[in-house]
Amino acid sequence: MNNDNYNENYNYNHNEGFDDIEQMLKPQCQFKASDTLKEEVLEKAREEVTPHRSVKMWHWVAAACVLGFVFLHLMPPKEEEDYNAENISASRQLMEMQRNVRDYDDHDRYGDFESIEKKMLARSAQLSAGIYPEDNNY
Amino acid sequence: MNKETEQLIAELERIVAERQDWLFRFAYMRIGNREDAEDMVQEVLLGVFRRLREKTKVESVEQYLIRSISNACTDYFRRKPLKIVSLDKAEHISVNENDRKIHEEYMRINKLLDSLPDEQSEIVRLKCYDELTFKQIAELLSIPEPTAKSRYRYAIMHIQQMIKKKGDER
């Protein structure tokens, strides 16, 4: 590391033996670090200066997954929904039928039920005989 | 990356290119293991980078590197117990020619310095192998410069006598 050693040694080394010993203690071969050492050091240095996300996201992602799981777990099963939907649909149909029945009670518009029934039976007989009325009022 | 960061990276690249082999040699001659020595060098170089980035006053990068690698070696022995590998398993550890040479060098120097007290052997390593000045050695070890010089002289004389004694025995 420092090559300016001659003056320091000159005051002490009055015999050649001293020089010989010093020579013996110097490196006799070359020491070389691995070729990859430099790259590894520079890679780690670059890694240290690369800015990373300051807010850690994984906590929030984990919380979102837990909430999603809880939500799915607490939601009612699909069969209950279908049953409810069917019930609602059936209720509506019944109400519609009742309304229609009430509508049939409107004599001014449709006449009484018996007359309607007679008409329908007559139509039915004509259709069975292959007679199709011209007014097309089935 | 902004301009300032790019300059820092460029500065680090320059330091790595200039010092990585010296740092590796310093670490290897004390711990004798390539992988651990290179890990240590990486940590030291990244430490310099962090200081430069934080704009902490670094009086001398060189001085900082010497102190850091020396402290890292001291901490290494404090943290890691010695690994003892049995001879039959040692045969299966693949070592390339270069690693074999540097490990032989490690063994050679350690053999020469083995008989010295730790404080003397470390000064000899720092002076002869790591090529530091007595001033740098004194600063690193927190001792006066004359103390560093005298310990070094005693160490060399001791090695000289040891080699002469071995020569006489033959």
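Both backbone and side-chain heavy atoms feed into the values below; hydrogens, waters and symmetry mates do not. First the proteins, then the strands, lettered A, B, ... as listed; each starts at 1.
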For B:R108 and A:M24, indicate whether the former's side chain and the latter's backbone hold a donor-acceptor pair under 3.5 Å.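 Confirmed, B:R108 side chain pairs with A:M24 backbone.
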Under a 4.0 Å threshold between the charged nitrogen and the carboxylate oxygen, would B:E131 count as salt-bridged to A:K26?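 The answer is no: the pair does not qualify as a salt bridge.
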Is it the side chain or the backbone of [X] that comes within 4.5 Å of chain A heavy atoms, both, or neither?
X	value
B:Q42	both
B:R34	side chain
B:L23	neither

Taking every non-hydrogen pair under 4.5 Å, which of [options] racks up the most with chain A?
options	result
B:V124, B:I159, B:L46	B:L46
B:F49, B:Y28, B:Y129, B:F24	B:Y129
B:V16, B:L8, B:I102	B:I102

Quick check: is B:V48 connected to B:I9 through a chain of hydrophobic side chains (ILVMFWY, heavy atoms under 4.5 Å apart)?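 Yes, because B:I9 and B:V48 connect within a single hydrophobic cluster, where side-chain heavy atoms sit under 4.5 Å apart.
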Verify whether one side chain among B:N2 and B:T5 offers a donor that lies under 3.5 Å from an acceptor in the other.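 Side-chain D/A pair, B:N2 to B:T5: present.
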First locate atom CD1 of B:I156, then atom SG of B:C128, and finally report the distance between them rounded to the nearest 0.5 Å.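 Those atoms lie 4.5 Å apart.
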What heavy-atom pair brings A:L25 and B:I109 nearest, and what distance separates the two atoms?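 Closest pair (atom of A:L25, atom of B:I109, distance): O-CD1, 3.8 Å.
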Below 4.5 Å from any heavy atom of chain B, which atoms of A:Q23 appear? Answer side chain, backbone, both or neither.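 Neither part.
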